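For clarity, every value in this text was computed on a predicted model and none was experimentally measured. Throughout, residue positions are numbered sequentially from 1 according to the sequence presented. Order of listing sets the numbers, starting from 1, for every ligand and every atom in it.
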Amino acid sequence: MGLVAGVDSSTQSCKVVVRDSETGALVRAGRADHPDGTEVAPEHWWTALRTALDDAGGLDGVDAVSVAGQQHGMVCLDEDGEVVRPALLWNDTRSAQAAADLVAELGAEYWSEAVGLVPVASFTVAKLRWFAEHEPENAARTAAVCLPHDWLTWKLSGSTDLGDLVTDRSDASGTGYFDGRTGTYRRDLLVRALGHDVLLPDVAGPTRAVRGPGGLLLGPGAGDNAAASLGLDAAEDVVVSLGTSGTVFARSEQPADDPSGLVAGFSDATGAFLPLVCTLNAARVLDATAAMLGVDLAELSALALAARPGAGGLTLVPYLEGERTPNLPDATGAVHGLTLANATRENFARAAVEGMLCGTAVGLDALAAQGARVTAVRLIGGAAQSEAVRRIAPAVFGVPVLLPGPGERVADGAARQAAWVLSGSAAPPRWDALFGAPERSEAPQVPGLRERYAEAATRYLTR
Ligand SMILES: Nc1ncnc2c1ncn2[C@@H]1O[C@H](COP(=O)(O)OP(=O)(O)O)[C@@H](O)[C@H]1O
Ligand SMILES: O=C(CO)[C@@H](O)[C@H](O)COP(=O)(O)O
């Protein structure tokens with residue numbers, strides 16, 4: 001039996017799965033936490049990856065590994081390959097003005113046409129502009145820029161040569177200086193942001209292998225959402241992931257083109273595209289609500305399910321970390337409609353779940369406007385472990401929700417890529433062991449809930 005490993009180096013933690021390369025059966029797994037914060041020294045990811053690998057029993061017997069990771073993070077290296085400053089993560093909003101400036105300089109239509117997205121604080125190109133403006137000396141000594149998953153793959157390879165940095169189309173397409181339609185970097189946009197040209201990772205096709213230590217094969221890896229799409233074998237079904245970010249995406253043969261900036265025209269990990277909408281506020285809204293109510297996540301779920309649909313008219317706008325979709329980096333959360341009659345812990349818990357889901361549902365509408373068929377939603381990510389989220393999601397989204405069962409879909413997708421690389425086949429392995437029939441959650445849509453949420457959320461836009 002050959003073994004492959006998949007890594008998900010996500011915002012909050014690192015997860016590793018080891019699977020049978022032919023059947024996809026799970027053999028062992030491990031995880032380790034990442035430090036909190038929106039600025040993180042990459043060395044912490046490397047430490048967490050090695051801890052998670054140890055937790056998973058190491059790489060003994062493993063033939064190939066692929067790393068998937070949180071997208072957009074700015075990792076800057078000097079000419080010796082040393083990290084220049086801690087990485088700015090996708091959810092760091094200090095680059096909001098830089099993003100606005102880049103859009104003002106060229107126009108939203110230009111960006112959408114050139115690289116499939118309109119800059120917001122999250123994208124690497126905006127972080128590089130912030131870097132050049134606020135830390136010019138550090139920026140000047142930056143010789144290479146890469147993304148979290150590229151850097152971890154390079155660390156695993158054992159190389160210290162910048163020329164060995166490799167990325168893939170899916171993660172490159174989230175930088176803001178890569179054109180997914182032609183598969184080429186837009187170095188003019190990189191230079192516009194950073195002020196000078198640097199070495200960028202080679203963009204490998206989905207099955208190109210890098211030889212690591214001891215003959216271990218390293219796949220090109222992927223952005224975490226593209227890896228989840230591969231780990232679900234999602235075809236063109238709409239996926240909602242509720243981790244730190246709330247993401248809504250669907251594989252497509254056509255690139256997205258949305259000058260409004262709501263839908264980012266990313267690439268996927270198979271050679272197609274992955275139009276995607278991302279919010280800054282998902283699982284952590286529930287973490288914060290549980291802490292505020294003095295309960296754990298299971299109790300929060302029970303409280304939310306004890307309230308009536310609509311939370312008695314209470315609406316939570318969940319912009320606790322600012323927001324990316326809509327683009328309101330300085331927004332804060334708000335509670336609307338509080339009365340003596342509805343001021344209960346149960347209603348508050350329910351309003352948090354409904355508010356987080358309503359915020360994510362904005363992405364469903366935006367994706368549908370780009371042509372996605374939203375007839376059901378596959379739900380993944382840490383917050384999908386909440387029974388309340390699983391049961392309330394169809395009542396907010398207005399379509400059935402499909403639950404793929406326990407598992408780490410991003411790490412699974414990375415493992416599937418590793419098996420694909422190992423097999424040398426034209427298509428990824430079938431892996432029927434992974435793709436059992438999903439559980440189905442259905443509920444009648446709560447009348448007026450989305451409208452009430454939209455009205456509350458719109459107050460930010462009209463202020
Ligand atoms: N049963 C649960 N109910 C609600 N949230 C949960 C539950 N289990 C885990 N989470 C949350 O999921 C998040 C981690 O999910 P994950 O998808 O790994 O995030 P990320 O990919 O951003 O690192 C944490 O905020 C955690 O509190
Ligand atoms: O910024 C995006 C996608 O554009 C996020 O989806 C990040 O990729 C982080 O994902 P999680 O760690 O929250 O799963």
Side-chain angles (χ1 to χ4, degrees), residues 7-15 31-36 38 40 45 48 52 68-74 88-93 116-117 120-124 126-127 147-149 170-171 173-176 222-229 231 239-249 261-267 274-291 295-305 320-321 324-325 349 352-353 356-357 360 363 379-393 406-411 413:
V7 176
D8 174 13
S9 177
S10 70
T11 311
Q12 296 189 42
S13 64
C14 183
K15 302 120 184 168
R31 72 178 301 287
D33 284 334
H34 285 160
D36 219 356
T38 60
V40 171
W45 302 329
Q70 54 175 312
Q71 296 187 247
H72 320 306
M74 180 189 83
L88 297 186
L89 306 195
W90 64 278
N91 55 351
D92 189 292
T93 53
L117 52 82
V120 290
S122 292
F123 298 136
T124 326
K127 298 182 188 304
L147 298 167
H149 108 255
S170 70
D171 228 4
S173 69
T175 57
D224 54 1
N225 295 293
S229 176
V239 180
V240 170
S241 170
L242 300 172
T244 313
S245 61
T247 56
V248 183
F249 54 91
L262 290 178
V263 178
F266 297 158
S267 302
L274 198 75
L276 180 145
V277 182
C278 179
T279 74
L280 282 184
N281 296 285
R284 278 183 168 154
V285 175
L286 305 189
D287 296 343
T289 307
V295 296
D296 64 20
L297 290 167
E299 290 165 330
L300 181 78
S301 172
L303 281 173
L305 289 170
L320 273 56
E321 280 209 277
R324 163 168 161 189
T325 311
V353 174
M356 174 194 70
L357 291 167
T360 310
L379 190 64
I380 59 167
Q385 292 176 56
S386 158
E387 192 190 343
V389 169
R390 293 199 298 262
R391 285 174 50 188
I392 296 171
E408 293 294 344
R409 299 304 158 175
V410 175

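A donor and an acceptor atom, one from each side chain of E387 and S301, are nowhere located under 3.5 Å apart.
Residues of the protein with a heavy atom under 4.0 Å from ligand 2 are S10, T11, Q70, Q71, H72, W90, D224, N225, T244, S245, T247, F266, L276, C278, R324, listed by chain and number. If you look at ligand 1, the protein residues with a non-hydrogen atom under 4.0 Å away are S10, T11, Q12, S13, K15, G243, T244, A283, D287, L297, G381, G382, A383, Q385, S386.
The two residues S10 and K15 make their nearest non-hydrogen contact at OG-NZ, 3.1 Å. Minimum interatomic distance between T124 and G73 (heavy atoms only, all atoms of both residues): CG2-O, 4.4 Å. Considering all non-hydrogen atoms of both residues, L274 and S267 come closest at CB-O, 3.7 Å. The nearest pair of heavy atoms linking A228 to V410 is CB-CG2, 3.9 Å.
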Check: Is there a salt bridge (charged side-chain N to carboxylate O under 4.0 Å, His left out) between R284 and D36 once you walk through the steps?
Finding: CA-CA 12 Å; R284 278 183 168 154; D36 219 356; 3.0 Å; yes

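A heavy-atom distance below 4.5 Å is not found between the side chains of P406 and Q385. Within the 4.5 Å cutoff, the side chain of L88 has no heavy atoms near those of the T38 side chain.
Note that OG of S245 is 7.5 Å distant from CZ of R324, once rounded to the nearest 0.5 Å.
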